[in-house]
Amino acid sequence: MKIKVLKGDITTVQVDAIVNAANSSLLGGSGVDGAIHKAGGSTILEACRQIRNKQGKCNVGEAVITTGGNLPAKKVIHTVGPVYQKGKNNEKEKELLTNCYENSILLAKENDLQSIAFPCISTGIYRFPKQVAAEVAISAIKNNPILNEVVFVCFDDENYEIYKELLNNE
Ligand code: AR6
């Protein structure tokens, strides 16, 4: 398994699947979610609506898969990260964030996809501390080397520096 880190916009990355940091409604939002729906077009939202009609909301830590619409990626895997509550039950939140990464790669594998790109799930609107979130993300991926390629796509400098440091020092 190759692990890479990139700085930039995940909607431009050419991999089999990109991951969306969605919310439980699956019906879009701001941040990376907004960027993916905007760049990928309405077929992604339509596919999310169909999933909603079938299974209801997507729980925190779980993942669903849709078309990639107009994106260079074939598929989008939508996962719902935990909201970080400062000073409260953070072990549970780390476990839920681990589940996001694990369930996303399992879903990719089930769909015969070999490369995946992740945003830094929960580190925006959901306020997860970036260093801890990066450690959780990298461990979850290294503990489950089931795909050929995993790309961490960092949008901001702080996340990019954290990932570079953690990946180079191992
Ligand atoms: N490419 C890659 N990363 C991005 C991009 C992009 N185009 N845009 C933002 N990021 P956030 P969350 C980074 O807030 O914290 C949505 O409204 C951003 O810098 O997108 O999981 C959903 O609908 C940050 O590091 O997701 C939910 O309601 C990371 O993506 C809620 O936000 C995650 O930030 C989810 O919150």
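Order of appearance sets the numbers: ligands from 1, and atoms from 1 within every ligand. For reference, positions follow the sequence shown, starting with 1. All values reported here derive from a predicted model rather than from experimental measurement.
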Euclidean distance, H37 NE2 relative to C48 SG, rounded to 0.5 Å: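 Here the interatomic distance stands at 4.5 Å.
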To the nearest 0.5 Å, tell me how far K38 NZ sits from L45 CG.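 So the NZ of K38 and the CG of L45 are separated by 15.0 Å.
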Is the Y84-Y126 ring centre distance short of 6.0 angstrom?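 No: the rings miss the under 6.0 Å criterion.
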Within the 4.0 Å heavy-atom shell around [X], which atoms of ligand 1 are there?
X: A21; answer: 21 (O), 22 (C), 26 (O), 35 (C)
X: D33; answer: 22 (C), 23 (O)
X: G29; answer: 17 (O), 23 (O)
X: S122; answer: 12 (P), 15 (O), 21 (O)
X: N23; answer: 22 (C), 23 (O), 27 (C), 28 (O)
X: D156; answer: 19 (O), 25 (O)
X: A35; answer: 7 (N)

Restricting to salt bridge (Lys or Arg N to Asp or Glu O under 4.0 Å), what partner residues turn up for D16, sequence neighbours left out?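 Testing D16 for salt bridge (Lys or Arg N to Asp or Glu O under 4.0 Å), a comparison that skips the adjacent residues, returns K74.
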Common cluster, [X]/[Y], ILVMFWY with side-chain heavy-atom separation under 4.5 Å:
X: L96; Y: V132; result: no
X: L113; Y: V150; result: yes
X: I105; Y: F152; result: yes
X: L97; Y: I162; result: yes
X: F118; Y: L71; result: no

Could you list the residues that satisfy side chain to side chain donor-acceptor pair (under 3.5 Å) with E149, not counting sequence neighbours?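 For E149 the side chain to side chain donor-acceptor pair (under 3.5 Å) partners, ignoring immediate neighbours, are K4.
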I need the contact type for [X] against ligand 1. Using non-hydrogen atoms and a strict under-4.0 Å cut-off, is it side chain, backbone, both or neither?
X: N159; result: side chain
X: D9; result: both
X: S30; result: both

Is [X] near ligand 1, meaning one of its heavy atoms is under 4.0 Å from it?
X: G81; answer: no
X: T11; answer: no
X: G8; answer: yes

Pairs of nitrogen or oxygen atoms closer than 3.5 Å, one from [X] and one from ligand 1: do any exist?
X: I125; answer: yes
X: G124; answer: yes
X: G31; answer: no

Got the closest protein heavy atom to [atom], with its distance?
atom: atom 6 (C) of ligand 1; result: F155 CD1, 3.5 Å
atom: atom 1 (N) of ligand 1; result: I10 N, 3.0 Å
atom: atom 36 (O) of ligand 1; result: Y126 CG, 3.4 Å
atom: atom 20 (O) of ligand 1; result: V32 N, 2.8 Å
atom: atom 24 (C) of ligand 1; result: T123 OG1, 3.4 Å

Could you point out which residue of E135, E158, E165 forms a salt bridge (charged side-chain N to carboxylate O under 4.0 Å, His left out) with K130?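 Answer after filtering E135, E158, E165: E158.
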Nearest non-hydrogen contact with atom 33 (C) of ligand 1 belongs to which option: P119, A39, C120?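 Result: the heavy atom closest to atom 33 (C) of ligand 1 is in C120.
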So does T79 get a backbone contact from the side chain of E62, meaning a donor-acceptor N/O pair under 3.5 Å?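 Judged by distance alone, no pair lies under 3.5 Å.
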One thing to verify: whether K7 and D156 come together as a salt bridge, which I'm taking to mean a side-chain N less than 4.0 angstrom from a carboxylate O.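 No salt bridge links D156 with K7.
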